[in-house]
Amino acid sequence: MERPASGASYQRFPRVRIRELKDDYAKFELRDTDASMANALRRVMIAEVPTVAIDLVEIESNSSVLNDEFIAHRLGLIPLTSSAAMGMRFSRDCDACDGDGSCEHCSVEFNLAARATDSGQTLEVTSTKDLRSTDPKVCPVDQAREYQQALGNIDPYDTDPAADHRGILIVKLRRGQELRLRAIARKGIAKDHAKWSPAATVTFMYEPDIRINEELMETLTLEEKTSWVESSPTKVFDIDPNTQQVIVVDPEAYTYDDEVIKKAEAMGKPGLVEINAKEDSFVFTVETTGALTAYELIMNAITVLRQKLDAVRLQDDDADLGDLGAHLGV
C-alpha cells in the first residue's frame, strides 16, 4: 500500500452545524470534507443503521379476508421504536439462543388478538390498540407517541390536525372474523430488507456559492431585472423594494438548472451571475420513519461509519504486516 510522503497528510476534520432539529426531521451542514464522505454518511443512514422490525409471524387463527403472508408483510413494515437497537445482538450472532432469534438479547415478542362481535360495524385492527409488545422499549411508533402524549410530553396542539392518529391499519374484520398471532421482532439493517430502514428521506446538496455582478446588474432596467428574477423556477432571487437591487434570498433553493444563466445570456449580459458549488460544503435533509429520532439516526450513522473505517484500517495494517513478513521471508 502506498503511503503519503513524509510530512504529508490527507486527513481532514469535518464540521457539522445543526440548522433545524425535530424528533423526525433534521437539517444540518457538513463542511470541510468531500462528496465521498457525504455520500457514505447518507448511504449508512439509509441502509446500515440497525433498527428493530417484525421478522417472524406465527398465525394461530386468521379468518379475515387477507391471507397469512399478506398480514405478515404488513406487520413487518410497521415502524417500531428502536432506540435500543444498537445495544441488541443480531439473531445470527446471538449465542444465548443459538441464533434462532427467540431471546431477550436479540428479539422482542409481540401478540395480537382481535375478534369482531358487532354485526353492524367493521372492526379495524391497528398497530396502536391491538399489537402488544412484551418489551416497553420496543413498540409501534404511533403507540409510543400516543403514550408520550398521555404523559404530557407531547403537546396535542403541536401535532398535525389532518394526521390519522388511529395507528397503522393491519386488517378489517367483519362479525365473526378473528385474527390471533404471535410475532418476533429482530434487529436488522435495510441492506437486508427495507423494513429495517430508519430513514424516510436522506438527501444532500452542494451548498451553492452565488455571486451577482452588481456593475452589470445596474445596467438593467427594473423590468429587465424582474424578468431575470422570474426566470428562476425557484425563489432564489428577489428585488429589494427600497433599493430596487437584485438580492439573493434563498441560495439553497437553487437547483443547478442554469435558467438564470441562460436568461442572462439571452439578454446579452453573460457573466451577470456566477454560480458555483462549494465542493467541501453540503446541506443534509433527514426525515425518519419514527423508529429513531433524527438525532439518534445521525449519531448512530456516524458510529457505524467509524466502525467501518476502523475495520478498513485494520485490514490495511494486516496487509502491511503480511507484506513485511513476506519480505523478511517469515
Side-chain angles (χ1 to χ4, degrees), residues 23-24 51-85 88 91 100-104 106-188 190 193-198 200 288-292:
D23 281 347
D24 57 358
T51 62
V52 180
I54 290 175
D55 194 41
L56 174 67
V57 178
E58 297 176 356
I59 304 289
E60 298 176 12
S61 175
N62 176 23
S63 55
S64 71
V65 296
L66 300 183
N67 60 43
D68 295 355
E69 291 80 6
F70 205 118
I71 291 175
H73 184 261
R74 292 179 68 84
L75 289 170
L77 295 176
I78 295 173
L80 307 177
T81 53
S82 302
S83 296
M88 293 176 63
S91 59
D100 61 1
S102 300
C103 75
E104 61 181 2
C106 67
S107 63
V108 177
E109 183 175 331
F110 286 79
N111 293 282
L112 187 152
R115 182 180 180 86
T117 56
D118 189 346
S119 60
Q121 190 172 5
T122 300
L123 176 66
E124 293 186 347
V125 180
T126 67
S127 59
T128 301
K129 65 182 180 67
D130 297 296
L131 193 59
R132 297 301 171 193
S133 170
T134 58
D135 186 344
K137 296 192 299 294
V138 180
C139 63
V141 168
D142 42 23
Q143 196 176 99
R145 187 177 292 117
E146 188 177 75
Y147 178 67
Q148 291 297 324
Q149 188 168 317
L151 292 177
N153 295 335
I154 298 178
D155 185 355
Y157 297 102
D158 195 32
T159 57
D160 183 1
D164 189 345
H165 300 292
R166 295 175 299 173
I168 296 173
L169 180 65
I170 299 172
V171 68
K172 292 183 179 181
L173 302 178
R174 297 292 297 273
R175 182 183 180 183
Q177 292 181 339
E178 180 183 24
L179 178 63
R180 284 186 291 110
L181 59 85
R182 171 178 173 269
I184 300 295
R186 296 169 177 160
K187 175 181 177 178
H193 195 286
K195 66 185 176 184
W196 279 298
S197 178
T288 75
T289 61
L292 297 171

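Quick note: residue numbers are just sequence positions, from 1.
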Student: Just checking E60: does its CD atom have more than 12 heavy atoms from other residues, nucleotides or ligands closer to it than 6.0 angstrom?
Tutor: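 More than 12 heavy atoms, drawn from other residues, nucleotides or ligands, come within 6.0 Å of this atom.
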Student: When rounded to the nearest 0.5 angstrom, what is the spacing between OG in S64 and CZ in R174?
Tutor: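 Between atom OG of S64 and atom CZ of R174 there are 13.0 Å.
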Student: If you define the side chain from C-beta out and look only at heavy atoms, does anything of T134 sit under 4.5 Å from N111?
Tutor: yes
Student: Indicate the atoms forming the closest heavy-atom contact of L173 with A114, along with that distance.
Tutor: CD1-O, 3.7 Å
Student: Suppose we screen for side-chain hydrogen bond (donor to acceptor under 3.5 Å, both in side chains). Which residues come up paired with D68, at least two apart in sequence or across chains?
Tutor: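 Here the qualifying residues are N62.
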Student: Which residue pairs pass the salt bridge (charged side-chain N to carboxylate O under 4.0 Å, His left out) test when at least one of the two sits in residues 127-136, sequence neighbours left out?
Tutor: D135-K137
Student: State, with a plain yes or no, whether a side-chain heavy atom of F110 is found less than 4.5 Å away from one of V138.
Tutor: yes
Student: Could you list the residues that satisfy side-chain hydrogen bond (donor to acceptor under 3.5 Å, both in side chains) with S83, not counting sequence neighbours?
Tutor: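 In terms of side-chain hydrogen bond (donor to acceptor under 3.5 Å, both in side chains), with neighbours along the sequence ignored, S83 is linked to E296.
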Student: Under a 4.5 Å cut-off applied to non-hydrogen side-chain atoms, are V57 and I71 in contact?
Tutor: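 No. Closest side-chain heavy atoms not under 4.5 Å.
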Student: Sequence neighbours excluded, which residues qualify as salt bridge (charged side-chain N to carboxylate O under 4.0 Å, His left out) partners of D55?
Tutor: R186, K195
Student: Taking all non-hydrogen atoms of both residues into account, name the closest pair between T51 and L292 and its distance.
Tutor: CG2-CD1, 4.3 Å
Student: Do you know which two heavy atoms are closest between I54 and A183, and how far apart they sit?
Tutor: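 For I54 versus A183, the nearest heavy atoms are CG2-CB, 3.8 Å.
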Student: For the CG atom of L56 and the CG atom of L75, what is their distance to the nearest 0.5 Å?
Tutor: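 One finds 11.0 Å between CG of L56 and CG of L75.
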Student: Locate the shortest heavy-atom distance separating S107 from I184; write the atom from each residue and the value.
Tutor: CB-CG2, 3.6 Å
Student: Keeping the roles fixed (side chain from R74, backbone from L169), state whether a donor-acceptor pair exists under 3.5 Å.
Tutor: yes
Student: Side chains of T289 and S197, heavy atoms from C-beta outward: is any pair under 4.5 Å?
Tutor: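 No, every pair of side-chain atoms sits at 4.5 Å or beyond.
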Student: Using 0.5 Å steps for rounding, measure from the CG atom of L181 to the OG atom of S61.
Tutor: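 Between atom CG of L181 and atom OG of S61 there are 10.0 Å.
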Student: Residues two or more places apart in sequence or in another chain: which of them pass side-chain hydrogen bond (donor to acceptor under 3.5 Å, both in side chains) with S127?
Tutor: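 In terms of side-chain hydrogen bond (donor to acceptor under 3.5 Å, both in side chains), with neighbours along the sequence ignored, S127 is linked to D142.
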Student: Starting at CZ of R180, measure out to CG of L112 and round the result to the nearest 0.5 Å.
Tutor: 11.0 Å
Student: Minimum heavy-atom separation for T126 and I170, please, with both atom names.
Tutor: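 Closest approach of T126 to I170, heavy atoms only: C-CD1, 3.9 Å.
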Student: Counting N and O atoms only, with roles assigned by atom type, does the side chain of Q143 sit under 3.5 Å from a partner on the main chain of L131, one being a donor and the other an acceptor?
Tutor: yes
Student: Has S91 got a side-chain atom pairing as donor or acceptor with C106's backbone, closer than 3.5 angstrom?
Tutor: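 Pair absent, no side-chain N/O of S91 close to backbone of C106.
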Student: Closest heavy-atom contact between T128 and G167?
Tutor: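 Shortest heavy-atom separation between T128 and G167 comes out as OG1-CA, 3.0 Å.
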Student: Of all residues at least two apart in sequence or in a different chain, which pass the salt bridge (charged side-chain N to carboxylate O under 4.0 Å, His left out) check with R182?
Tutor: E58, E109
Student: Could you tell me whether the side chain of S82 and the main chain of V52 form a donor-acceptor pair under 3.5 Å?
Tutor: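 A pair under 3.5 Å: yes.
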